[in-house]
Trainee: 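Okay, here's the structure, questions in a sec.
Both backbone and side-chain heavy atoms feed into the values below; hydrogens, waters and symmetry mates do not. First listed ligand is number 1; within each ligand, the first listed atom is number 1.
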Amino acid sequence: MERMEGTTLSTGLAKGVAVVVGYELQRTFVLAKVDERDSISRADVGLECERMDGALKRSQEDLNTFTSAASDTPSLSAAVELLSVHATMATEIASAVKKQISSSLVGVEDALDSVISGWVNRLQKLDSDYLREREIDVRDVGQRMMRHLIGVAPADDVEFPQEAIIVARELVPSDAIALANSGVVGIVTELGGTLGHTAIIARSLGIPAVSGIRNVTQRIAIGATLLVDGDTGFVTAEPTDDQLVAFAGCVADAKRRSIHESKIASGPCQTLDGTEIALYGNVGLQGDIDQVLERGLAGVGLFRTEFIYMQSKDRPDVESQRFIYAEMAERLGDRPLVIRTFDLGGEKLPLFLSLDRQSGTSNTNLRGLRFSLGEQNLLRDQLTAIVHVAQTANVRILFPMVIGGHDFSQAIAIVNEVMHECGASKRPLIGAMIETPAALFCLEEILELADFITIGTNDLTQYLLAADRELSSAHENVTVMHPAVLRAIHQIVTSAQQCYCPVCVCGEEAGEPEFVEIFIGLGGRELSLSPSRANRMRAAIGGIDIAVAKLLAKQALACRSAQDVRELFSQGGRSRVQNELRQSSPHLLASSP
Ligand code: PEP
Ligand code: MG
C-alpha cells in the first residue's frame, strides 16, 4: 500500500485500475542545434512542405472527429472551444514550419521540432501562470502533427479497460478530451495546474483528478488497484482491506449526498425560515452557461471575460464579443448576465499584450480597472459590444478592482460616451467589484455611483492579509474566515444596505457553507459561485436558521484568528448558539426545538 498526497484538480471519488501512460508516448520537443540537423536540398523543399500539409490535414481530421464526438455532450462545450483553438494553432504552426523549411533548408520533422520548441520556450518565460499553462496546448498540437509525420498512431485510439484510472506524468488537453465516454473514472498526474485545460475538462466530465504527485508513473504499477480522492487530494495504491471498506463507505455517503442535493436543486433557494437567497453562477467560458441552466441558478453573477482575451491571438473585436455576449444572454432569458470587463494586467496577460510588453509599449504592470483605463481602446471595444447587447437583454457591467470614486467615475464616463456613439438609449446597470483595501476606504463614494456591488473575496483576502492567493491557499490563516476579512465584509454589506445598493459576494470561498452562513448572518442575500458547487450550497442554505447565523456571525466578528472562527463551527458552536437562543429568545428560531 502507498498513500500519496497531491493537489485536487477535480473533485469526487474513484476506485479503479491504474493505466500508466508511458512517458515515451509524450515526445518532448528538444531544440536540436541547427548544425546537428540534416539539411535538405532546395529541390526537396516542396516535398517536405507537402508532408507538412499532409500531417496538418490528418491532424485537423482528428480534431474534427473529436469535435463531432464532443458536440453531443453539453458538458464538453469547453472542450469543443478548445479544439477550435487547437485547429487554429495547427494551421499557424504548419505555416511557420513551412517557412522554416524553405529558409533554413531543414526537413519537416526538424522544422516542426524547432517551431514548437521556440513557442514553448517563449511561453515558459512569461510571468503569467495562465499563459505558461497554454504551453501544453502547443506541445499537444505539435505532438499530434509529429505522430502523423513519423507514422506513430495518435494515442487517441488506445482502448481503456473498465474503470481505468489514468496515471501519467501529464496529460495534454486532447488526451483529456479523448477520455470522454471512454470508461475512464479517474486521473492522477505529476504535472498540471488547477487553471489548466486538463483540470477544466476533468471537472466538466465529472472525473476526479489529482495532480502534483512526484514520479507518479514510477510509483504506481500498471494494473494496481487505486483509490483516488479528488476531494482531499489523496491517492492510495494497492489499498488494504480496511482502506477499501472505508473508501466504499465514503462513496456511499457521497452518493446519498448527491441524490439528496439534486432533489432540492430545482426548488427555491431559501433558509429554514423561508428567506430567499439568490444563487448566481461564476463563469469563465461561454459553455459554462450549460451548468448555470442545469442547476437552476438565478443568472450569472460573474462572467470573467478575460478568458476571451487570454485565448485570443489578436485583440478580440467588437463583433466577436457581441456574438458571445448575445448568445449567452439569449440562453439566460430574463436572468441577469453580469459581464465583468476584462481583469487583466500583472500576471494575467494575453499573448497580444505580452508581445507589447516585450517591446515596452504597454502599461501591463497595472491591474484591474487601472489597467483597463490605460488600454482604453480595448475597453471601449468591450463596452461597445456589451452596450449593444444590453439594449435587448438583461446584461450588466461590472468593473474589476475599483479603488475609488475617481477611477469608477472615469469608467462610467466611458460607458456614457460609448452609449452616445452607439445611439443607445438603455443604460445597463453598472457595478463595482469591491476587492481592494482602497475600495473599503472609498466605499461611500463608490456606493454613490454604483447600481450594485460585488465583493471579490479572492483578492480582498490576499490584499488584506498580505498573502499571495496562488501560493498561500494552504495556510490556515489566509482565508476569508479571518476576522479582518469578515469585518471588512460586514462593513461592505452594512454600507451597501444603508444605500439600498444590492451586494453580492463571489470568489472561491463564496462556495464554502460555513462562510455563507456567516455572510447570511451579516445580512448578505446574494451569492455567486462555481455552478458545480450550487447543489451542495442550496442544501446547506436550506439548513440555515437566520437567527443562529446572525449570532454566529457576531461571534465570528469578535474572534482573533481564522482558527478561532473555524472552532466556532467545529466545536459544536452552532448547537451552542442554538441552545443559547432557545433559552433567551425562542421566538427568533425557525428550527423546531
Ligand atoms: C475575486 O477576486 O474574488 C474574484 C471573484 O475575482 P477573480 O478571482 O477573477 O480575481
Ligand atoms: Mg478579483
Trainee: Need the ligand 1 atom indices (1-based, order shown) with element for anything under 4.0 Å from a heavy-atom of L302.
Mentor: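 In order of numbering, the contacting atoms are 5 (C).
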Trainee: Just jot down the ligand 1 atoms closer than 4.0 angstrom to any heavy atom of T457, in number order.
Mentor: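 Those atoms are 3 (O).
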Trainee: Under a 3.5 Å distance rule, please check whether D451 uses its side chain to pair with a backbone N or O of I430 as donor and acceptor.
Mentor: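 Yes: the side chain of D451 pairs with the backbone of I430.
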Trainee: Hey, does F342 have a side-chain heavy atom less than 4.5 Å from the side chain of S372?
Mentor: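 Sidechains of F342 and S372: in contact.
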Trainee: Should the pair D407-R370 be classified as a salt bridge under the 4.0 Å nitrogen-to-oxygen rule?
Mentor: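 The answer is yes: the pair qualifies as a salt bridge.
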Trainee: Looking at R331 and D290, does any basic side-chain N land under 4.0 Å from a carboxylate oxygen?
Mentor: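 Looking at D290 together with R331, the answer is yes, because their closest N to O distance falls below 4.0 Å.
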Trainee: Could you tell me whether N282 approaches ligand 1 through its side chain, its backbone, both or neither, with non-hydrogen atoms closer than 4.0 Å?
Mentor: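 Looking at N282 and ligand 1, no heavy atom falls under 4.0 Å.
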Trainee: Considering just N/O/S atoms, say which atom of D459 is closest to the Mg ion (ligand 2).
Mentor: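 It is OD2 of D459.
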Trainee: Counting from 1, what ligand 1 atoms have a heavy atom of C506 closer than 4.0 Å?
Mentor: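 Listed by number with element, the hits are 5 (C).
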Trainee: I'd like to check which ligand 1 atoms, numbered from 1 as shown, lie under 4.0 Å from a non-hydrogen atom of G507.
Mentor: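 Heavy-atom distances to G507 below 4.0 Å select 3 (O), 5 (C).
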Trainee: Under a 4.5 Å cut-off applied to non-hydrogen side-chain atoms, are D140 and H86 in contact?
Mentor: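 SC-SC contact between D140 and H86 confirmed.
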Trainee: Quick one, R380 and I414 - any side-chain contact, counting heavy atoms below 4.5 Å?
Mentor: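 Result yes, sub-4.5 Å side-chain heavy-atom pair found.
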Trainee: Between Q462, E306, E435, flag the one that comes closest to atom 2 (O) of ligand 1 by a heavy atom.
Mentor: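 Considering heavy atoms of Q462, E306, E435, the nearest to atom 2 (O) of ligand 1 sits in E435.
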Trainee: Is E435 close enough to the Mg ion (ligand 2) to have an N, O or S atom under 2.8 Å?
Mentor: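 For E435, the answer is yes, given that an N, O or S atom comes within less than 2.8 Å of the Mg ion (ligand 2).
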